[in-house]
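Here's the structure, in structure tokens; my notes come after.
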There are 2 protein chains.
Amino acid sequence: MKNRVGLKPITNLSLVDKVEISITEYIKSNKLEVGDTIPKEMEFAESLGVSRTVVREALTRLRTIGIIDSKKHKGMVLSQPDFIENFEKIMETNLVGDDTLKDIFELRLIMEMGMVDLLFARKTDEDIEELSKIVDDMEKGKPESHIFSLKNEVAFHGKLYEMSGNKTLHRLQNILLPVFQYVHNHKLDDAKTYMYKKKFVTHRELLNYLKEGNKEKFRKGLARHLEPHFDRVLKDVEF
Amino acid sequence: MKNRVGLKPITNLSLVDKVEISITEYIKSNKLEVGDTIPKEMEFAESLGVSRTVVREALTRLRTIGIIDSKKHKGMVLSQPDFIENFEKIMETNLVGDDTLKDIFELRLIMEMGMVDLLFARKTDEDIEELSKIVDDMEKGKPESHIFSLKNEVAFHGKLYEMSGNKTLHRLQNILLPVFQYVHNHKLDDAKTYMYKKKFVTHRELLNYLKEGNKEKFRKGLARHLEPHFDRVLKDVEF
DNA sequence: TTACATGATATGTTATACATAATACAAACT
DNA sequence: AGTTTGTATTATGTATAACATATCATGTAA
């Protein structure tokens, strides 16, 4: 669209758009909190001078992003929005572009490296014990197997996230992990063999650093553990 | 809900729920990609044996999470979903609970500590130069000011995120920062004074570590720089 | 008091009609 | 020819009315 003097593009919001804005403004300006009820569909329709259809569609949007919850008789209730839920849906559709996929792949590396401080601050003896069992189980499997075991990875790293004490982080990771696997398997063909070219820091070693309480060793070990992945994203290969 | 033998929880899905599932299944099983068109409302309605209204509501949901885009004459087109957009909307409503808020506060610390490796791998001389200018400008301000300057913080740390080369991370941070500020100002009352009790690593020092290319010094410096925040979340104070 | 019946209420669903915007194509003009 | 302008078509957007269904509150009988 060309810009000509004196001709501003008219904002072409649909009725539903306007109603959606009105309702969110209503929520914000009245400082409503989770659990509060908002007017019923017909009341909104009358107050705003639009049909119930339009109000319903606007409410559907708000319901979709999770900020309201509707019950048959009760009406609409403000609810605790859960941004991870939609994130999950989006991921399932396989519509996310490769560039974003790469970003997310990196995000996992970032989060895992970044949570080390919280991990050390919050780990308990019970956590360590549980993690020990996980590593024990891992080593009971075929010791020479070069097969990249998803289950073991999830168990070990998932536990780390749990130990960080940040539930949102943990849930985020649970969604990101499949993405991570997908990229690993489909986009980075030679990753499996590549993984074992270098000397690799094992889960056992990481566990030991954690036991010792040596944060810096753990951090460096984790970096080495993830190094194949880091190398891949940093090579800037076609993705 | 407890699990008892022979008693499966009855799936009480609404019609719209089912239709939504049908449509997403349709997209997935046909391996449709961004830009592909999907059947029109009436076609879905006829094929699924439901009213157009129900189809519309299901489509509204998909439109809301951003996986389809509808044009008046053209019909529905699959589009690149943008999960950050909804995240933004949710944050604006101020409905997120304190526990999640705290998680997000931590998430910022996690991401910033975790991106150091990518930062050092991808920083360019131009980046360093730009960052230098930012620090110069910061120091031109009142040098003794204890006022926590949002603008400066955004400029400096935002630049770091940009340098990491991960656009998704950068966008995420742009949304998280207000949250971070909000928590900092409203939930952690004594944070401002607390911030200066300890010896503090300045932006200038961080910049120098970055210039030297000393990753470990930078990492430790950044940890010190963020230490007041870390201390706060680790104290487990009432939030 | 408990259990059941009943009605009121608000969302869920259907059906129909019309409004609006985008497209394609024909008609008109230079 | 090539460009603009009108017009029919089409699919989404909006309005209205009616009925279905689940839930709550009240009242009534055991």
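In what follows, chains are A, B, ... by sequence order, proteins preceding strands, each numbered from 1.
- Remark: Phe156(B) pairs with His203(B) by the ring-ring contact (aromatic ring centres under 6.0 Å, His included) rule, at least two apart or across chains.
- Looking at residues two or more places apart in sequence or on another chain, you find no side-chain hydrogen bond (donor to acceptor under 3.5 Å, both in side chains) involving Thr53(B).
- In the set dA15(D), dA15(C), dG12(C), dG12(C) carries the atom at the smallest distance from any side-chain atom of Ser14(B).
- Sequence neighbours left out, the pairs with a member in residues 33-53 of chain B that pass ring-ring contact (aromatic ring centres under 6.0 Å, His included) are Tyr26(B)-Phe44(B).
- When the C1' atom of dG13(D) is taken as reference, atom CZ of Arg52(A) falls 17 Å away, rounded to whole Å.
- One can place CG of Leu13(B) at 13 Å from P of dA22(D), the figure rounded to the nearest angstrom.
- Applying the salt bridge (charged side-chain N to carboxylate O under 4.0 Å, His left out) test to residues at least two apart or on different chains, the pairs with a partner in residues 31-40 of chain A are Lys40(A)-Glu43(A).
- Residue Thr53(A) has its side chain nearest to dA15(D) when only dA15(D), dT11(C), dT14(C) are considered.
- Not a single donor-acceptor pair, N or O on each side, falls under 3.5 Å between the base of dA15(C) and the side chain of Ser51(B).
- In this view, Lys133(A) satisfies the side chain to side chain contact (heavy atoms under 4.5 Å, CB included) rule with no residue, not counting sequence neighbours.
- Every residue two or more places apart in sequence or in another chain that forms a side-chain hydrogen bond (donor to acceptor under 3.5 Å, both in side chains) with Glu20(A) is listed here: Arg61(A), Lys89(B).
- With sequence neighbours left out, the side-chain hydrogen bond (donor to acceptor under 3.5 Å, both in side chains) criterion links Thr24(A) to no other residue.
- Distance, Arg56(B) CZ to dA15(D) C1': 12 Å, rounded to whole Å.
- Between Lys18(B) atom NZ and dG12(C) atom C1' the separation is 12 Å, expressed in whole Å.
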Arg56(A) vs Glu57(B), salt bridge (charged side-chain N to carboxylate O under 4.0 Å, His left out): CA-CA, chis, key distance, verdict: CA-CA 9 Å; Arg56(A) 270 189 73 79; Glu57(B) 188 159 332; 3.2 Å; yes
Working for salt bridge (charged side-chain N to carboxylate O under 4.0 Å, His left out), residues Lys159(A) and Asp127(A): CA-CA 8 Å; Lys159(A) 180 65 189 169; Asp127(A) 285 331; 3.2 Å; yes
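- Closest to the Val16(B) side chain, of the nucleotides dT14(D), dT13(C), dG13(D), is dT13(C).
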Intra- and interstrand pairs of DNA chain C - dot-bracket, Watson-Crick/G-U under 3.5 Å, | marks other strand: ||||||||||||||||||||||||||||||
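- When rounded to the nearest whole Å, the span between CG of Asp17(A) and C1' of dT12(D) equals 13 Å.
- Atom pair Glu57(B):CD and dT14(D):P shows a separation of 15 Å (rounding to whole Å applied).
- The ring-ring contact (aromatic ring centres under 6.0 Å, His included) test applied to Phe230(A) returns no partner, not counting sequence neighbours.
- The stretch residues 59-69 of chain A has no heavy atom under 4.0 Å from DNA chain D, so no residue of it qualifies as close.
- Residues passing the side-chain hydrogen bond (donor to acceptor under 3.5 Å, both in side chains) test with Lys123(B): none are found, sequence neighbours excluded.
- Taking atom CG of residue Leu15(A) and atom P of nucleotide dT20(C), one finds them 10 Å apart after rounding to whole Å.
- Contacts of residues 34-49 of chain B with DNA chain D (heavy atom under 4.0 Å): Lys40(B), Glu41(B).
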